[in-house]
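Input: a single structure, listed below in structure tokens.
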Amino acid sequence: MTSDSPDTAPRGGRRWLRVLALGVAVLVLSIAGTGWWFYERLNGNIRTDTRTADELRKYEAERPVSVVRDAQNILLIGSDDRGGKGNGKYGRDTGTQRSDTTILLHLQANGRGATAVSIPRDLMVDTPGCDRSNGKRMAPRFVQFNWAFEYGGAACTIRTVEKLTGIRVDHHMIVDFNGFKKLVNAVGGVEVCLKESVDDSDAHLRLPAGRQVLHGEQALGYVRARYSIGNGSDTERIGRQQEFLGSLVKKVQSNGVLLNPRKLYPVLNAATSSLTTDPGLDSLKDLYDLARGVRNIPRDKIRFLTIPRQPYTYNKNRDELVQPDADRLFRQLRLDQPVSVTRSVTSTTEEDPKAVDRTPYQGTTAARDICD
């Protein structure tokens with residue numbers, strides 16, 4: 001009888017099948033385990049701002065309600081907190097934090113568009129009565145906008161924005177200096193265009209004129225610089241920040257970050273470890289769903305503008321709203337209506353209300369070339 005009898009061949013075949021199946025099972029479990037490890041690491045990076053959520057719940061009755069289903073309003077707060085890791089070199093830690101950059105990001109329902117509205121730090125506003133972190137209470141007052149964050153934190157800032165605009169803030173995100181640098185580095189730098197060279201020791205910034213890609217420290221200096229670029233106004237600084245964010249959006253969309261796991265992980269790691277969010281955005285799934293909703297918005301539908309404002313009547317170093325332009329903008333955002341922007345200021349003196357609602361605001365889009 002030969003060695004390849006009907007009795008021995010199947011047993012050998014079955015043995016190899018068992019070995020193969022075991023190997024595949026180990027491989028699948030390894031991949032799943034690695035994926036789970038990555039997920040848990042990224043998920044654990046995110047810091048949840050429960051204090052703000054608790055504070056806002058106390059004032060729920062006075063907050064505006066959402067008008068349009070599936071539209072979202074997210075308040076982005078750039079903190080100058082010197083207490084975090086890597087932030088000490090930007091100044092002495094005084095135990096307080098201010099926000100020189102605050103943006104209300106409106107995401108239209110069904111991914112039709114996104115509008116990022118900058119709120120100037122020096123805008124004179126009415127703040128509500130707010131609880132401070134030291135247990136004391138800040139009485140309602142008429143002050144410049146960034147006082148709300150310095151003295152009352154994110155909850156006071158959110159309530160101030162809602163009082164100013166009548167728009168419900170659904171979520172908020174806070175990012176500090178070091179987190180901003182990490183995010184810029186994770187996407188491989190962001191392109192900017194300078195009309196003239198810059199030498200600013202306060203902002204740790206020295207740059208030549210022309211088109212160039214900025215990474216962490218230089219990018220932070222660029223968006224923070226004020227007196228060394230242009231006319232030194234906060235108005236121009238806000239404009240540069242908007243152009244930088246438009247360039248950042250373009251970079252993320254153009255190099256396939258959101259579709260390439262190898263590129264996506266460093267970005268997610270930087271983003272999640274840089275953010276403090278409300279409980280509604282404090283998981284990787286929440287942030288990914290948010291990014292997925294923005295991913296396919298055309299660049300010309302991603303708009304950046306500043307609340308219509310002018311020098312304050314009683315102090316030219318402060319700002320006040322321009323009316324009725326500001327209220328018109330707030331109404332359009334509340335009702336999830338499209339907002340148009342242009343690089344030049346346009347008057348709103350038309351008699352036809354529908355024509356007024358179509359009048360563009362001064363701003364830019366993610367589609368515009370940075371050197372235009």
Side-chain angles (χ1 to χ4, degrees), residues 49-77 99 101-121 123-131 137-149 151-174 276-282 286 290 293-294 303-309 319-339 353 356-357 361:
D49 187 4
T50 55
R51 180 180 178 275
T52 295
D54 294 340
E55 184 75 8
L56 290 175
R57 271 193 291 270
K58 296 192 314 188
Y59 298 97
E60 181 60 38
E62 69 181 41
R63 300 182 64 196
V65 298
S66 298
V67 177
V68 178
R69 182 182 177 87
D70 295 331
Q72 292 190 76
N73 297 294
I74 303 171
L75 195 66
L76 310 176
I77 303 173
S99 177
T101 302
T102 304
I103 296 173
L104 180 63
L105 175 63
H106 175 75
L107 301 177
Q108 290 184 262
N110 301 319
R112 291 179 291 118
T115 304
V117 182
S118 296
I119 305 175
R121 50 165 286 175
L123 182 69
M124 299 302 294
V125 298
D126 288 305
T127 62
C130 297
D131 295 328
R137 184 167 177 79
M138 182 178 77
R141 60 181 67 181
F142 183 65
V143 292
Q144 64 189 76
F145 175 71
N146 68 341
W147 277 37
F149 189 69
Y151 293 103
C156 191
T157 303
I158 290 169
R159 293 175 59 218
T160 299
V161 170
E162 291 181 339
K163 183 180 179 66
L164 177 72
T165 66
I167 297 169
R168 172 81 175 205
V169 174
D170 302 297
H171 302 289
H172 72 278
M173 297 181 181
I174 304 172
T276 299
T277 75
D278 64 274
L281 283 180
D282 67 346
D286 293 327
L290 180 64
V294 177
R303 314 167 192 94
F304 301 89
L305 68 149
T306 304
I307 285 180
R309 84 322 190 167
D319 292 325
E320 63 183 8
L321 295 178
V322 172
Q323 297 291 12
D325 302 53
D327 282 345
R328 176 169 63 92
L329 172 63
F330 302 153
R331 183 181 68 250
Q332 287 175 279
L333 296 177
R334 277 196 305 272
L335 299 179
D336 199 34
Q337 296 174 344
V339 173
V356 170
D357 282 344
Y361 304 91

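In what follows, residues are counted from 1 in the order of the sequence shown.
- The shortest distance between side-chain heavy atoms of Leu329 and Val339 falls below 4.5 Å.
- Judged by distance alone, the side chains of His106 and Asp336 do bring a donor and an acceptor atom under 3.5 Å apart.
- In terms of modelled atom types and a separation under 3.5 Å, the side chain of Arg168 and the main chain of Pro64 share a donor-acceptor contact.
- Taking NE2 of His172 as the reference point, atom OG1 of Thr157 lies at 9.5 Å (rounded to 0.5 Å).
- Across all their heavy atoms, Ala109 and Arg69 have their closest contact at CB-O, 3.7 Å.
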**OP:** List the steps, then state whether side chain to side chain contact (heavy atoms under 4.5 Å, CB included) holds for Met138 with Cys156.
**Re:** CA-CA 10 Å; Met138 182 178 77; Cys156 191; 3.5 Å; yes
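- With contacts defined as side-chain heavy-atom distances shorter than 4.5 Å, the pair Ile174/Ile77 qualifies.
- Applying side-chain contact (heavy atoms from CB on, under 4.5 Å) to Val117 and the options Leu305, Thr165, Leu105 leaves one that passes, Leu305.
- Of the N and O atoms on the side chains of Arg303 and Tyr361, not one donor lies less than 3.5 Å from an acceptor on the other residue.
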**OP:** Take Thr102 and Phe145, measure what side chain to side chain contact (heavy atoms under 4.5 Å, CB included) needs, and give me the verdict at the end.
**Re:** CA-CA 10 Å; Thr102 304; Phe145 175 71; 3.6 Å; yes
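- Taken from OG1 in Thr160 to CG in Leu164, the straight-line distance is 8.5 Å, to the nearest 0.5 Å.
- The minimum heavy-atom distance linking Gly129 with Pro140 is given by the pair N-CG, 3.5 Å.
- Note that OG1 of Thr115 is 10.0 Å distant from CG of Asn73, once rounded to the nearest 0.5 Å.
- Between Ala155 and Glu55, the shortest heavy-atom distance links the atoms CB-CG, 3.4 Å.
- Side chain of Arg159 to main chain of Leu56: no donor-acceptor pair is present (N/O by atom type, distance under 3.5 Å, no hydrogens or angles).
- Under the 3.5 Å distance criterion, the side-chain polar atoms of Asn110 are left unmatched by any main-chain donor or acceptor of Arg112.
- Note: Ile158 CD1 to His171 NE2 = 11.0 Å, rounded to the nearest 0.5 Å.
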Original post:
Could you walk me through whether Leu290 and Ile74 pass the side chain to side chain contact (heavy atoms under 4.5 Å, CB included) check?
Top reply: CA-CA 11 Å; Leu290 180 64; Ile74 303 171; 3.7 Å; yes
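- Formation of a donor-acceptor pair under 3.5 Å by the Gln332 side chain with backbone atoms of Pro338 is found in this model.
- Within the 4.5 Å cutoff, no side-chain heavy atoms of Lys163 are placed close to those of Thr127.
- To the nearest 0.5 angstrom, Arg57 atom CZ is 4.5 Å from Asp54 atom CG.
- The minimum heavy-atom distance linking Asp170 with Ser66 is given by the pair OD1-OG, 3.4 Å.
- Side-chain atoms of Asn146 and Gln144 include a donor-acceptor pair closer than 3.5 Å.
- Taking 4.5 Å as the limit, every side-chain heavy atom of Tyr151 sits out of range of all side-chain heavy atoms of Val143.
- With hydrogens and angles left out, the side-chain atoms of Glu162 and Tyr59 include no donor and acceptor closer than 3.5 Å.
- Note that CG of Leu281 is 6.0 Å distant from CG of Asp286, once rounded to the nearest 0.5 Å.
- Between the side chain of Arg63 and the backbone N or O of Val169, at least one donor-acceptor pair lies under 3.5 Å.
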Subject >> salt bridge (charged side-chain N to carboxylate O under 4.0 Å, His left out) between Arg121 and Asp319, worked out >> reply: CA-CA 9 Å; Arg121 50 165 286 175; Asp319 292 325; over 6 Å; no
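- Remark: Arg141 does not engage Asp126 in a salt bridge, criterion side-chain N to carboxylate O under 4.0 Å.
- For the residue pair Arg309 and Pro120, the shortest heavy atom distance occurs at NE-CG, 3.7 Å.
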Subject >> side chain to side chain contact (heavy atoms under 4.5 Å, CB included) between Leu321 and Leu123, worked out >> reply: CA-CA 8 Å; Leu321 295 178; Leu123 182 69; 4.0 Å; yes
